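Numbering starts at 1 and runs along the sequence shown. On a predicted model such as this, the values are computed, not experimentally measured, just so you know. Because only heavy atoms are used, hydrogens play no part in the values below, and waters and symmetry mates are left out as well, while side chains stay in.
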Amino acid sequence: MNIKLIAIGKTDDKNLQSLIETYVKRLSHYVKFELEIIPDLKNVKNLSEIQQKEKEGELILSKINPTDFLVLLDENGKSFSSLSFANELQKKMNAGIKTIVFVIGGPYGFSENVYQKAQQKIALSQMTFSHQMVRLFFVEQVYRGFTILRNEPYHHQ
């Protein structure tokens, strides 16, 4: 199985970027993982929130293949514990899904077109985090999920 994480905008903080890269490298031992960054839109001051979501949505959807399983990281999505998220990953692998694409949207969320294409929504927390920190938290949780599935000593119950 392949896992792809799509996010809007680059990570400015070098410390966060370093930690993200650490977990992406660790994940390579378990799964083919790709982090794809869509550059921030230009001239957003001239766009309404809806227009910004629409433009970002077009860019997101251009990165999705028809056979990809699309999961949005969305505050209104389903919450998982680390163990249940690991089990969710296992279910996807057992179902023969070739590529799961997780998406972190822009500052205003997702366009209606992106919501319509999504097959699942996951909430990392009811709290709000910066988009840059969400990348780190999510990549770490995917790594944690695979260590749980392999019964490795990273996760403590």
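Scanning both residues, Arg135 and Ala7, for their nearest heavy atoms gives NE-CB, 3.4 Å. Heavy atoms only, all atoms of each residue included: Gln120 and Glu88 are closest at NE2-OE2, 3.0 Å. When all heavy atoms of Ala86 and Gly145 are compared, the pair lying nearest together is CB-O, 3.5 Å. When every heavy atom of His155 is checked against every heavy atom of Ser82, the shortest pair comes out as CE1-CB, 3.9 Å. Minimum heavy-atom separation, Gln51 to Ser48: OE1-N, 2.8 Å. Closest of all the heavy-atom pairs between His131 and Pro107 is CE1-CA, 3.8 Å.
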Side-chain atoms of residues 63-74: list all donor-acceptor pairs with protein atoms under 3.5 Å, sequence neighbours left out, distances to 0.1 Å.
unit_1	atom_1	unit_2	atom_2	d
Lys63	NZ	Glu36	OE2	3.1
Asp68	OD2	Asn65	N	2.8
Asp74	OD1	Tyr115	OH	2.5
Asp74	OD2	Asn76	N	2.8

Using distance only, find each side-chain donor-acceptor pair of residues 13-24 under 3.5 Å and give its atom names and separation, not counting sequence neighbours.
unit_1	atom_1	unit_2	atom_2	d
Asp13	OD1	Asn15	N	2.7
Asp13	OD1	Leu16	N	3.1
Gln17	NE2	Glu21	OE2	3.0
Thr22	OG1	Ser18	O	3.0
Tyr23	OH	Tyr154	OH	3.1

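Other residues, nucleotides and ligands contribute over 12 non-hydrogen atoms within 6.0 Å of the NZ atom of Lys121. Within a 6.0 Å sphere centred on NZ of Lys92, other residues, nucleotides and ligands contribute more than 12 heavy atoms. Taking a 6.0 Å sphere around CD of Gln116, one finds it holds more than 12 heavy atoms contributed by other residues, nucleotides or ligands. Atom CD1 of Ile50 sits in a sparse spot, with 12 or fewer heavy atoms from other residues, nucleotides or ligands closer than 6.0 Å.
Leu89 contributes atom CG, which lies 10.0 Å from atom CD of Gln141 (distance to the nearest 0.5 angstrom). To the nearest 0.5 angstrom, Thr147 atom OG1 is 8.0 Å from Glu140 atom CD. Atom NZ of Lys98 is separated from atom NZ of Lys32 by 9.0 Å, given to the nearest 0.5 angstrom. From Ile8, atom CD1 reaches atom CD1 of Ile104 across 10.0 Å, with rounding to the nearest 0.5 Å. Interatomic distance, NE2 of His29 versus CZ of Arg150, reported as 11.0 Å (0.5 Å rounding). Of the inter-residue distances, the one linking Asp12 atom CG with Asp40 atom CG reads 8.0 Å to the nearest 0.5 angstrom.
Between the side chains of Glu56 and Ser111, no donor-acceptor pair is found at a separation under 3.5 Å.
The aromatic rings of Phe138 and Phe85 sit perpendicular to each other, their planes meeting at more than 60°, with 30° as the lower class boundary.
Side-chain contact between Asn2 and Val31 is absent, with no heavy atoms from C-beta onward closer than 4.5 Å.
Applying the salt bridge (Lys or Arg N to Asp or Glu O under 4.0 Å) test to Arg26 and every residue at least two apart in sequence or in another chain returns nothing.
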**Request:** Take Phe110 and Glu54, measure what side-chain contact (heavy atoms from CB on, under 4.5 Å) needs, and give me the verdict at the end.
**Result:** CA-CA 8 Å; Phe110 300 103; Glu54 290 295 326; over 6 Å; no

